[in-house]
Structure formats: structure tokens, C-alpha cells
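A short write-up of the structure that comes next.
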There are 2 protein chains.
Amino acid sequence: MKKRSNDRSQCPIRLTESLIGGRWKTIILWLLSKRSMRFNELRRELSGITQKVLTEQLRELEEDRLIHRKVYEIVPAKVEYSLSGQGERLIPIVVMMCSWGEEYLSQELAREKLPQENSQG
Amino acid sequence: MKKRSNDRSQCPIRLTESLIGGRWKTIILWLLSKRSMRFNELRRELSGITQKVLTEQLRELEEDRLIHRKVYEIVPAKVEYSLSGQGERLIPIVVMMCSWGEEYLSQELAREKLPQENSQG
DNA sequence: CTGTATCCTGTGTGATACTG
DNA sequence: CAGTATCACACAGGATACAG
């Protein structure tokens, strides 16, 4: 285990956060939960990400054993990324984050349309 | 809803992340899920946090309607923080992050004790 | 007790160019 | 195709001091 964020293992919640907290990590896990993908496939899905950053995120996920990286020794190069067991166990959390976000969004949009401040809380 | 991270609402997962992604936010939500707390109570539990940062995190959580802030107009000042409905709906996610982190930790610790690299993936 | 106001810094992320 | 190497920078987070 790396020390990237040195407060790892102090608190399990923070530990989990530090592992999936990267700008793109949850989305990458989400994509890989559907099927394993190659570098450029991920790049296309994650429009806006740079090669450097995608590489970094993938390296960290791999180091933390959340994903597997399989290199095919052929030309042109081929690398496939897939979830590890621990990565898979993370998916329910990502799914919950997704549906919570959708619910939150719809509630906030509803709020904005209201004439009065009616505290939905 | 604020624009703090401007990629909000593009992706519900990222939206959720942006709301709870602060250095202390999940822990704060976790603490408030047990009972509402005052400023200095939180400060004591979150050893290491500065007043400024705690204030910031609480303000953001409040702005995003994840917590309530109740001011008692007395001297000395008294302010109580508690979860909102949307904040409460977040707790299951925090709980899952906690147990995932514990599981992850025990597996990683087990790995480190092994003589051979046996990929527990 | 519950905050503001400044000032400062590390790290994560991005732009761009190059490579086996 | 799947990277690496630099350079740059915003911004979250921290240290410290002051205030209603």
C-alpha cells in the first residue's frame, strides 16, 4: 500500500476516499465494471482527460490493486484494464453515489422552480 | 446549487463526489449521523482540523443542503449542526465506504505478511 | 463559543511535445 | 497504441492572528 495520502488507514472512510478520490477514478471504475477496456477506449469515454492524467489514474488504481492491467506483447501495443476483486466490491458504492446524485439533482432542480423557499431537508 | 466544481451535474457520480469530496466532509457527515453537534464538539472529534477549515467545510455542506445549521441567539454563542434529509440519505454510502475500507485494509495487511506475491484480486 | 481575515503551500490536474 | 517528460497553475487545505 502506498502513502499517497498519508492519512490512509487512520480512518477507513478516509482510506476509501483516498483510493477513489481522483478526478476520474470513480468513472473509470464505473466503466470497467461493464467490461474491460483498452487505454484508448477509456480515453474516448472520458472525453476531456489527457493521456498523462489517464495514465496516472490507471497507475494509481493498479498500485492500489483496484484494477488489473494486462499487457499483450504485440505490435501495436495492446493493454487491457479490468476490475480486480476489490475493485468490484467498490462498484455498489459507485452505483449508490450515482443514484444519490440523480436524486439530489432532481430535488435541487425542483427547489429552484419553487416561488418560495420551502426547505426540503 | 453552487459551481464550486464546475463539472457538477454533468455526471451524477462526480456530482456526489464533489459534494462529499472535501478533506473532512464524510467524517463530519458520519459524526452528525449519530447526533447533532456543536462547532467545538466537531472540532474536538476532528483532531487536527483548524477552525478556519472546519468552518469552510460546514459552510459548504450547508450551502449544498447536506446539513442544517441552527444558531441559538444566546451568549456565549451556540450553534448546532445536524443532517438534512439529503445528508441522511448519504449515510448508507458513508457506511459502505467505511466497511469497504476496513475490508480492504485487512486484505492488504494479510497480503503484506505473505511470503510470495499471491495476487488476491 | 463560534467564528473572520490573511497569508502561504503541496498536490492534483492540465497543456503540450516527444517515444518505443 | 500506449505511453513518458516538462512545465505550469488553480485551489483545497493549513498556520496564525484577531473579533463579536
Side-chain angles (χ1 to χ4, degrees), chain A residues 2-8 10-11 13-14 17-28 31-32 36-64 67-82, chain B residues 2-8 10-11 14 17-28 31-32 36-64 66-82:
Chain A
K2 291 288 297 307
K3 28 68 249 225
R4 195 172 326 125
S5 300
N6 62 357
D7 49 22
R8 278 151 99 108
Q10 304 284 14
C11 166
I13 301 176
R14 285 285 307 156
E17 259 195 301
S18 73
L19 296 182
I20 64 176
R23 170 79 178 73
W24 306 88
K25 288 186 182 176
T26 46
I27 315 296
I28 291 173
L31 288 173
L32 292 182
S36 53
M37 294 177 82
R38 300 178 59 174
F39 187 86
N40 272 357
E41 286 183 299
L42 285 167
R43 195 149 109 88
R44 273 189 294 275
E45 299 288 334
L46 304 167
S47 60
I49 198 172
T50 60
Q51 282 183 326
K52 179 208 157 203
V53 171
L54 178 53
T55 302
E56 281 173 358
Q57 303 273 302
L58 289 170
R59 287 290 181 282
E60 291 180 3
L61 288 169
E62 188 195 1
E63 238 172 82
D64 295 331
I67 65 174
H68 290 311
R69 177 169 178 270
K70 178 161 187 180
V71 182
Y72 294 84
E73 298 283 357
I74 59 178
V75 181
K78 173 177 174 178
V79 180
E80 272 213 344
Y81 294 93
S82 58
Chain B
K2 291 289 298 306
K3 27 70 247 211
R4 194 170 328 124
S5 298
N6 61 357
D7 49 23
R8 280 152 98 108
Q10 302 284 15
C11 166
R14 285 285 307 156
E17 259 195 300
S18 73
L19 296 181
I20 64 177
R23 170 80 178 72
W24 306 88
K25 289 186 180 175
T26 46
I27 316 295
I28 291 173
L31 288 172
L32 292 182
S36 53
M37 295 176 82
R38 300 178 59 174
F39 187 86
N40 271 358
E41 287 182 299
L42 284 167
R43 195 150 109 88
R44 272 189 294 275
E45 299 287 335
L46 303 168
S47 60
I49 198 171
T50 61
Q51 282 183 325
K52 179 210 159 202
V53 171
L54 177 53
T55 302
E56 281 173 356
Q57 303 273 303
L58 289 170
R59 286 291 179 281
E60 291 180 2
L61 288 169
E62 187 195 2
E63 239 172 82
D64 295 330
L66 265 28
I67 66 173
H68 289 311
R69 177 170 179 269
K70 178 161 187 181
V71 181
Y72 295 84
E73 298 283 357
I74 59 178
V75 180
K78 172 178 174 179
V79 180
E80 271 211 344
Y81 294 93
S82 57

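The analysis underlying the following values was restricted to heavy atoms, covering all of them including side chains, and did not include hydrogens, waters or symmetry mates. Small disclaimer: the values here were computed from a predicted structure and weren't measured. Proteins come first, then strands; the chains are lettered A, B, ... in the order of their sequence lines, and each starts at number 1.
Atom pair A:L54:CG and D:dG3:C1' shows a separation of 10 Å (rounding to whole Å applied). The separation between A:I49 atom CD1 and C:dT13 atom P is 9 Å, rounded to whole Å. Rounding to whole angstrom units, CZ of residue A:R44 and C1' of D:dA2 are separated by 12 Å. Nucleotide D:dG13 holds its P atom 11 Å from the CG atom of B:L61, rounded to whole Å. Counting to the nearest Å, the P atom of D:dC1 and the CE atom of A:M37 are 14 Å from each other. Regarding A:E73, its CD atom lies at a distance of 18 Å from the P atom of D:dC1, rounded to whole Å. Rounded to whole angstrom, the span from the CG atom of B:L46 across to the C1' atom of D:dG13 amounts to 14 Å. Here D:dA12 presents its C1' atom at 8 Å from CD of B:E56, a figure rounded to the nearest Å.
Taking side-chain N and O atoms only, B:Q57 has a distance below 4.0 Å to OP1 or OP2 of D:dG13.
Heavy atoms only, all atoms of each residue included: A:K25 and A:L19 are closest at CD-O, 3.3 Å. Residues A:Y81 and A:L32 come closest through the heavy atom pair O-CD2, 3.4 Å. Considering every non-hydrogen atom in both A:Q57 and A:R23, the closest pair reads OE1-N, 3.7 Å.
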Fill in: A:R69 vs A:V71, side-chain contact (heavy atoms from CB on, under 4.5 Å): CA-CA, chis, key distance, verdict
CA-CA 6 Å; A:R69 177 169 178 270; A:V71 182; 3.6 Å; yes

Worksheet item: Could you go step by step and tell me if A:C11 and B:I27 meet the side-chain contact (heavy atoms from CB on, under 4.5 Å) rule?
Response: CA-CA 9 Å; A:C11 166; B:I27 316 295; 3.5 Å; yes

Practice prompt. Start with the C-alpha distance between B:L61 and B:I20, add both sets of side-chain angles, then the distance that settles side-chain contact (heavy atoms from CB on, under 4.5 Å), and finish with yes or no.
Written response: CA-CA 8 Å; B:L61 288 169; B:I20 64 177; 5.8 Å; no

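Comparing the end axes of the helix from C:dC1-D:dG20 to C:dG20-D:dC1, each fitted to five base pairs by superposing C1' atoms of four pairs onto the next four, gives an inter-axis angle of 50° (nearest 10 degrees).
In this structure the side chain of B:L54 reaches within 4.5 angstrom of the side chain of B:I28, judged on heavy atoms.
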Worksheet, complete the sentence: The contact string for nucleotides 2-9 of chain C, one letter per nucleotide 5' to 3', using protein heavy atoms under 4.0 Å with B, S and - for base, sugar-phosphate only and none, comes out as BBBBB---

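Sorted by first and then second residue, the pairs that involve residues 43-54 of chain A and meet salt bridge (charged side-chain N to carboxylate O under 4.0 Å, His left out), not counting sequence neighbours, are A:K52-A:E56.
The structure places OG of A:S36 at 11.0 Å from NE2 of A:H68, a figure rounded to the nearest 0.5 Å.
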